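Following: one structure in structure tokens, then a few remarks.
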Amino acid sequence: LAGKVALISGAARGQGAAEARLFVDQGAQVVLGDVLPEVHDVAAELNGKRPGSAAAVALDVTSHDAWVGAVETARRQFGRLHILVNNAGITSERYGGLQPIETMTLEAWNALLEVNLTGNFLGIRAAIGLLRDTATPLLAMNPRASASIVNISSAQAIRPSPHQANYAASKWGQRGLTKVAASE
């Protein structure tokens, strides 16, 4: 990852923060996005270890404008983007926990799909131009050079469980979106 630039959503804590730390430890620069203000603490920690390695942005993955702003931060701060990690995601716990389909609210259904699936779509759509601009000149030097889009999913995308229709549907949809993005 040395010399690469990555944009990671959901980077304020947990897996996203761990990904950011690993990327910086491996020599990458990162733009960290999250709705949680702690994302700025993670960026400060990373910059303390390696100055100039991280930038933090407020990123609501359900907002087109927020994604455009995050990608613009990568362009402005680091001049390029090699990797998009769609890590942000939510579970059913925010909307009453596990529910059978017959009692699941439309709000619970829509909220999970909006964050877990539409958020990935918006991130890919916003980042693809800068990813392409970054990778295209590299291809002349190395035909295997490319940009990467990593969509973090779940075992629910393969083996769904009862009472998780919204979460499983979001993760199954994410698999399809990932395959289409790769083919394009």
Side-chain angles (χ1 to χ4, degrees), residues 1-78 80-95 111-128 130-131 134 147-157 164 166-168 170-175 177-178 181-182:
L1 295 172
K4 304 286 184 177
V5 176
L7 169 54
I8 304 170
S9 69
R13 62 182 181 192
Q15 187 170 314
E19 292 160 356
R21 289 180 183 106
L22 176 65
F23 278 45
V24 169
D25 287 347
Q26 296 290 316
Q29 295 172 304
V30 293
V31 176
L32 310 176
D34 208 304
V35 292
L36 300 174
E38 294 85 7
V39 72
H40 297 283
D41 298 334
V42 177
E45 169 199 329
L46 296 173
N47 284 322
K49 289 166 77 174
R50 211 175 103 225
S53 63
V57 295
L59 177 59
D60 172 354
V61 297
T62 68
S63 166
H64 164 79
D65 292 341
W67 271 113
V68 169
V71 171
E72 185 53 34
T73 296
R75 181 189 310 273
R76 189 179 59 253
Q77 195 96 2
F78 303 117
R80 58 200 186 285
L81 182 63
H82 300 90
I83 304 161
L84 169 64
V85 180
N86 276 313
N87 176 74
I90 60 173
T91 64
S92 301
E93 293 171 11
R94 290 189 186 179
Y95 297 93
L112 260 79
L113 269 77
E114 187 174 26
V115 171
N116 295 356
L117 181 56
T118 304
N120 282 209
F121 165 74
L122 292 172
I124 292 167
R125 191 175 69 176
I128 205 158
L130 185 53
L131 289 166
T134 300
S148 299
I149 299 171
V150 180
N151 294 325
I152 304 298
S153 190
S154 162
Q156 290 292 321
Q164 295 194 58
N166 52 357
Y167 186 75
S170 73
K171 296 304 181 175
W172 273 72
Q174 197 180 55
R175 287 180 67 204
L177 175 64
T178 301

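These numbers were taken from a predicted model, which means no experiment stands behind them.
Applying the side-chain hydrogen bond (donor to acceptor under 3.5 Å, both in side chains) test to residues at least two apart or on different chains, none of the pairs has a partner in residues 29-42. Pairs engaging residues 48-69 under the salt bridge (charged side-chain N to carboxylate O under 4.0 Å, His left out) rule: Asp25-Lys49 [sequence neighbours left out].
Of the options Ile152, Val150, Asn120, a side chain to side chain contact (heavy atoms under 4.5 Å, CB included) to Asn86 is made by Asn120 and by none of the others.
Considering all non-hydrogen atoms of both residues, Gly52 and Phe78 come closest at O-CE2, 3.3 Å. Taking all atoms of both residues into account, the shortest heavy-atom contact from Thr91 to Leu112 is O-CD1, 3.6 Å. Closest approach of Ala54 and Leu46 over heavy atoms only: CB-CB, 3.9 Å. What you find for Ile90 and Ala111 is that their closest heavy atoms are CD1-O, 3.8 Å. In plain terms, the two heavy atoms of Ala43 and Ala55 that are nearest each other are CB-C, 4.3 Å. Asn116 and Lys171 make their closest contact through ND2-CE, 4.1 Å (heavy atoms, listed as atom of the first residue, atom of the second, distance).
Taking OG of Ser170 as the reference point, atom CG of Leu177 lies at 11.5 Å (rounded to 0.5 Å). Interatomic distance, Tyr167 OH to Leu113 CG, rounded to the nearest 0.5 Å: 12.0 Å. Between the CZ atom of Phe23 and the CG atom of Leu7 there is a distance of 10.5 Å, given to the nearest 0.5 Å. Once rounded to the nearest 0.5 Å, the distance linking CG of Asn87 with OG of Ser153 reads 11.5 Å.
The side chain to side chain contact (heavy atoms under 4.5 Å, CB included) check on Glu72 picks up Arg75, Arg76, with sequence neighbours excluded. Ala181 is linked by a side chain to side chain contact (heavy atoms under 4.5 Å, CB included) to Ile124, counting only residues two or more places apart in sequence or in another chain. Take Glu45 and apply the side chain to side chain donor-acceptor pair (under 3.5 Å) test, not counting sequence neighbours, and it matches Arg21. Taking Thr134 as the reference, nothing meets the side chain to side chain donor-acceptor pair (under 3.5 Å) condition, with sequence neighbours excluded. Arg125 pairs by the side chain to side chain donor-acceptor pair (under 3.5 Å) definition with His64, not counting sequence neighbours. Applying the side chain to side chain donor-acceptor pair (under 3.5 Å) test to Glu19 and every residue at least two apart in sequence or in another chain returns Gln15. Every residue two or more places apart in sequence or in another chain that forms a side chain to side chain contact (heavy atoms under 4.5 Å, CB included) with Ala66 is listed here: Leu59, Ser63.
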Working note: Val61 + Val115, criterion side-chain contact (heavy atoms from CB on, under 4.5 Å); need CA distance, chi angles, decisive distance, verdict. CA-CA 6 Å; Val61 297; Val115 171; 4.0 Å; yes
